Amino acid sequence: MNKLKTGILTISVIIFSVLGIEKLIHTNQIKNLKIKEESILNESIRVLNECFDLENKNKRTLNESIELIEYCIEEYGYKN
């Protein structure tokens with residue numbers, strides 16, 4: 001009977017350990033995916049801000065600004 005209890009306890013510990021490790025791996029994968037998505041989004045924001053040329057916005061007409069924005073979004077917009 002003592003060996004049975006020891007065996008059940010050992011199997012239980014192994015099962016819970018495997019489940020815990022799988023949970024940690026899944027959590028780590030989610031964090032890495034979020035970091036990658038944020039990196040892509042930040043790069044898109046940086047490129048679009050450079051393209052919009054916000055420092056010289058007062059030197060353009062409204063129509064020129066709209067054309068520039070349309071061009072930048074078409075050319076450098078968020079890409080998966």
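Residue indices begin at 1 and follow the sequence shown. Atoms considered below: every heavy atom in the structure, side chains included; atoms not considered: hydrogens, waters and symmetry mates. It should be emphasised that the depicted structure is a prediction, and the values quoted were computed from it without experimental measurement.
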Separation between [atom1] of [X] and [atom2] of [Y], rounded to the nearest 0.5 Å:
| X | Y | atom1 | atom2 | result |
| --- | --- | --- | --- | --- |
| S44 | N49 | OG | CG | 11.0 Å |
| F16 | K23 | CZ | NZ | 15.0 Å |
| I45 | E38 | CD1 | CD | 10.0 Å |
| I35 | N42 | CD1 | CG | 11.5 Å |
| I69 | K57 | CD1 | NZ | 10.0 Å |
| K31 | H26 | NZ | NE2 | 12.0 Å |

Which atom of K59 lies closest to which atom of E64, heavy atoms considered: O-OE1, 4.5 Å
ILVMFWY cluster membership beyond [X] - transitive side-chain contacts under 4.5 angstrom:
| X | value |
| --- | --- |
| L9 | V13 |
| L62 | I66 |
| L68 | none |

Those residues at least two apart in sequence (or on a different chain) that pass side chain to side chain contact (heavy atoms under 4.5 Å, CB included) with S39 are none
According to side chain to side chain contact (heavy atoms under 4.5 Å, CB included), who are the partners of L4, at least two apart in sequence or on a separate chain? M1, I8
Stepwise side chain to side chain contact (heavy atoms under 4.5 Å, CB included) test for Q29 and L33: CA-CA 6 Å; Q29 288 174 339; L33 182 61; over 6 Å; no
Is it the case that the side chain of E74 and the backbone of Y71 share a donor-acceptor pair, with hydrogens and angles ignored and the cut-off at 3.5 Å? no
Applying the side chain to side chain contact (heavy atoms under 4.5 Å, CB included) test to N28, which of N32, L24, I30 qualifies? N32
By the salt bridge (charged side-chain N to carboxylate O under 4.0 Å, His left out) test, which pairs, at least two apart or in different chains, include something from residues 42-52? E43-R46, R46-E50
